[in-house]
Amino acid sequence: MKYNFTEIEQKWQKFWDENKTFAAAEDYSKPKYYVLDFFPYPSSEGLHVGHPEGYTATDIIARYKRMKGFNVLHPMGWDAFGLPAEQYAIKTGIHPRITTQKSIDNFKRQLKSIGLSFDWDREVATIDPKYYKWTQWIFMQLYNKGLAYQAEIAVNWCPELGTVLANEEVPEQIEKGYTVVRRPMKQWMLKITEYAERLLIDLDMLDWPESTKEMQRNWIGRSEGAKVTFKIKNPSQAGAEMEDLGGVLTLEIFTTRPDTLWGATYMVLAPEHPFVDKITTAEHKTAVDIYKENAKHKSDLERQALEKDKSGVFTGAYAINPVNNEEVPIWISDYVLMGYGTGAIMAVPGHDERDWEFASKFHIPIVEVVKPAGTLTSDITKEAFTEEGVAVNSGFITGLKTEKAKKKVIEWLEANSLGKGTVQYKLRDWLFSRQRFWGEPFPVIHLEDGTVKLVPEEDLPVMLPEVDNYKTIGTGESPLAGIPEWLNTTDKETGLPAKRETNTMPQWAGSCWYYLRFLDPFNEEEFVSKEKEKYWMPVNLYLGGAEHAVLHLLYARFWHKVLFDLGYVSTREPFVRLYHQGMILGEDSNKMSKSRGNVVNPDEVINGYGADSLRLFEMFLGPLSASKPWSTNGIEGVYRFLNRIWRLIIDENGNVNSAIKDVKPEGDTERIMHRTIKNVTDDIEDMDMKFNTCVSELMIYMNEISKLEVIPRENIIVLVKLLAPFAPHLAEELWHRLGGNTGTITYESWPEYDASKIEKSVITIVGQVNGKIRVRLDVENDLEEAKLLETVKNDEKMKTYLDGKQIIKEIVVKNKLVNIVVK
RNA sequence: GCCGCCAUGGCGGAAUUGGUAGACGCGCUAGACUCAAAAUCUAGUGAAGGCAACUUCGUAACGGUUCGACUCCGUUUGGCGGUACCA
């Protein structure tokens, strides 16, 4: 009887569905294991063979943990709001709900056809009002805690998409060929900066890839330094505006090197700095205005793409250096960014590359105030010296090492109220609104007097209305602004007329907390019950691609910490262990893409070889974390392997192979069984998830037992059980045919091994002379070292290499080798 | 530019963490079965030399540490990912 994978796979998929085999139990007495895949966006293209790699890996872990007796939660759902469906709606007029649902159905069909053991009863989708009710509710908690606010800021506006983008989203969209320009707009912001320090520190407690943690650290960008106040000189030639100011105007700057204050030979303001107009003298006004105008029209993209060639103009004003009362000229330049620090810097060309470049170009003096310590040398006329060293020409800190000098300057600044030590972060607040239709509406109303209010909790969810125009209207308002019957409402409390907030939330909102909803997907009273949250959290294993290292993974940590502070969740971090699977490339070793024509569709692979072959091959391809090319030939190998297993257990007539007998495995047969259990178990448990070697261990085991004339039944049972997480359909079928009477192999116990039975009685060791292998010998296991040495030295062949030579050293490693060093 | 990761047969990749390099699979070669092919099975397969047993070389390149290095250290080259005027 042939291995009919299609029939077997459909049969067991139906069985699992009907019996709800993978439903997580609400049995809190059992140890739990929560294994989660990154929330997928159901694209209209469906899966390519890259997707099942991660899903298969988590599925193996889920199935393995079930056999190890854990109560496993392995859910799946949809991050279903998103631009593609809305863009498609604009083009075709088809409601995004319809296209999205179609995509979800297709994704789900494909995932099921791979035999993934999801608890489908817990499926959620962010577009479901029952789900986004709670996304809105969490927003209300953020708002009430003062973490959500509106601000008129320069945003990243993308004209093609008709929406603003978060800083984190900009590079991706530019890569896709969209343009992004700066433009001031009133936007919702979330104060993620308030959590910057904790988001940074708590990274240390996470078992995450070091590269991802490092990327988050860089993104948060903590730097220690000082804010220093410079007085602006009231120059006689100052413009009229300056005179009107009356009091003293001071300029605050941030620096990480307060020890270089003595080397500050000029100041730079960002062109957008509010002081620019106030301090510019009449003489320089025209030049400054032109420069400002140019800077405004440069998009961020242009600012970045341009050569690092410095530009700038002098304002005519001077500042007083607080440490030595020297006058330093104030320039403006777009190499200083308004968004970081105070938007103004003291420039120390001797010790900062950018300042050095600028000063060289504009012939501003370069002063040396730090000399390298030790043997290093520096020549600041040739380039800036940016390392730490010893302060020179620096008043009371002269002679101090950089670290000490910094401290002393900060103390002095604080004592004289001229500045203070501070910490700055690169991280900005999260721009949280989009001018889009297809997203969660904000639970917010605006009264005519400008009051902003949350809608009452009992009115949640604020539903998306039905519309027939999906385009952004006018100058960038969401299509929601064009629906008066939705837009206009009344404030319940006062009865006054009000308008709804027409922005919607970004796609990240729904994915910030979905891992919590899976714990309690039907709860209408709470977003998750405390009891369930306490039992299931945190997520034990979270698996997905590295591309979300700073976006989703930072946002979700932020929301989680807020919920923790409010007492709604019990863990400080949501995902204790994170793993990134590598990419599966096309057969040409390029990234799979439609345009390259190298996309492999899993449906075709399943039709040709079956889901079990697909799963096994995805794992066999190489280490999970590596990028590796797909190989159509390669899948033949695992397909043959599954066929061999089938033929080993089932004969031509469909009966169990008569060579399988109820005898005890003995000798080598027993040994290889224990060895295989150990190796497969260890490799599954391994932090590196080395499933490729698991598969090869199974192949070796099968090769060995198929040589036997009488095959002990236990060997076969072990094979089928070990195979179950990897090729579950075939394992179920064989288990069933072998007389497994429990219906499914899913909850059968994972085989145990006896370490003492793995060791061989006779092992091969090597004899080396001067490190070169000269002979291989079979000796008894654990032969003591002296005897081992003697055996090797007495070997005839060894003797030919040793005769007439002087023995200098003898190295003996038990069970491994003997190395004799001669002269 | 800076930060992080990587480099092993014709190909994907193993290597008990300093101790038999190339497991397992693909591909290829030969044989068995067949009228023939496919499938299947058996044997071989890093390179060079030799009829052979065997010998020499071999983990990107060069150097170092060590009785012994794919593994540790230094330099160089090539590739991948991230980031980019963050003061």
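Each chain gets a letter, A, B and so on, in the order the sequences are listed, and its residues count up from 1.
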If pairing means Watson-Crick or G-U wobble with both distances under 3.5 Å, then the partner of U55(B) is A48(B)

Ile773(A) has its side chain closest, among A21(B), A84(B), G19(B), to A21(B)

Within a strict 4.5 Å, meaning less than it, do heavy atoms of the Tyr335(A) and Asp355(A) side chains meet? yes

Using whole Å, what does the distance between atom C1' of nucleotide C11(B) and atom CD of Glu636(A) come to? 15 Å

Nearest of A23(B), G19(B), U20(B) to any side-chain atom of Ile700(A)? A23(B)

Here's a test for you: under side chain to side chain donor-acceptor pair (under 3.5 Å), which of Asp682(A), Asp683(A), Asn679(A) qualifies with Thr693(A)? Asp683(A)

Shortest side-chain distance from Thr256(A), nucleotide among A87(B), C24(B), G82(B): A87(B)

Counting only side-chain heavy atoms from C-beta out, which of U56(B), G27(B), G19(B) sits nearest to Arg774(A)? U56(B)

So, is G9(B) syn or anti if syn means the angle is within 90° of 0? syn

Could you tell me whether the phosphate oxygens of U40(B), OP1 or OP2, come under 4.0 Å of any side-chain nitrogen or oxygen in Lys2(A)? no

Among side-chain atoms of His580(A) and Ser625(A), is any donor-acceptor pair under 3.5 angstrom? no

Side-chain N or O of Arg647(A) closer than 4.0 Å to phosphate OP1/OP2 of C41(B): yes

Taking 4.0 Å as the cut-off, does a side-chain nitrogen or oxygen of Tyr801(A) come that near to OP1 or OP2 on U55(B)? yes

Answer for the Watson-Crick or wobble partner of C70(B), both distances under 3.5 Å, is none

By nearest atom, which of the nucleotides C67(B), A15(B), A23(B) is closest to the Lys690(A) side chain? A15(B)

RNA chain B nearest-nucleotide lookup for Arg644(A) and Glu697(A): closer to the 5′ end is Glu697(A)

Among the nucleotides A15(B), A23(B), A14(B), which one has an atom lying closest to any side-chain atom of Pro623(A)? A14(B)

Phosphate oxygens OP1/OP2 of U55(B): is one of them under 4.0 Å from a side-chain N or O of Lys797(A)? yes

For residues Ser631(A) and Asn633(A), is any side-chain donor paired with an opposing acceptor at under 3.5 Å? no

Students often get this wrong, so: under 4.0 angstrom with heavy atoms, is Ser631(A) touching a base, only sugar-phosphate, or nothing? nothing

Listed nucleotide nearest any side-chain atom of Asp352(A), set C67(B), G82(B), A87(B): A87(B)

Does a side-chain N or O of Asn643(A) approach OP1 or OP2 of U40(B) to a distance below 4.0 Å, or not? no

Both Ser696(A) and Val813(A) contact RNA chain B. Taking the nearest nucleotide for each, which residue is further toward the 5' end? Val813(A)

Does U77(B) sit syn or anti, given that only angles within 90° of 0 count as syn? anti

Between Gln424(A) and Arg222(A), is there a side-chain donor-acceptor contact under 3.5 Å, judged purely by atom types and distance? no

Side-chain atoms of Arg776(A) come closest, of A87(B), C41(B), U20(B), to U20(B)

Pairing partner (Watson-Crick or G-U wobble, both distances under 3.5 angstrom) of C41(B): G31(B)

For A87(B), give the paired nucleotide (Watson-Crick: N1-N3 plus N6-O4 or O6-N4; G-U: N1-O2 and O6-N3; both under 3.5 Å), or none. none

When you check the side-chain N and O atoms of Asp612(A) and Tyr639(A), is any donor under 3.5 Å from an acceptor? no

Assign Lys628(A) to base, sugar-phosphate, or nothing according to its heavy-atom contacts below 4.0 angstrom with the strands shown. sugar-phosphate

Of the listed nucleotides (G13(B), G68(B), A87(B)), which one gets closest to any side-chain atom of Thr255(A)? A87(B)

Distance-only donor-acceptor test (3.5 Å): side chain Asn633(A), base C26(B): no

Using both distances under 3.5 Å as the test, list the Watson-Crick or G-U wobble partner of G4(B), or none. C80(B)

Give the rounded distance in Å between these two atoms: OH of Tyr701(A) and C1' of C24(B). 17 Å

The reported gap from CZ in Arg671(A) to NE2 in His674(A) (rounded to nearest 0.5 angstrom) is 11.0 Å

Indicate whether any N or O donor in one side chain lies under 3.5 Å from an N or O acceptor in the other, for Tyr340(A) and Ser223(A). yes

Can you tell me if the side-chain N/O atoms of Lys772(A) get under 4.0 Å from OP1 or OP2 in C57(B)? yes

Please pick, from U20(B), C24(B), A87(B), the nucleotide with the shortest atom-to-atom distance to any side-chain atom of Leu337(A). A87(B)

In whole angstrom, give the distance that lies between atom OH of Tyr639(A) and atom C1' of A38(B). 13 Å

Tell me whether the OP1 or OP2 atom of G25(B) has a side-chain N or O from Arg640(A) closer than 4.0 Å. no

Should Lys816(A) be listed as having a side-chain N or O under 4.0 Å from OP1 or OP2 of G19(B)? no

Taking any heavy-atom pair under 4.0 Å as a contact, classify Ser223(A): base, sugar-phosphate, or nothing. sugar-phosphate

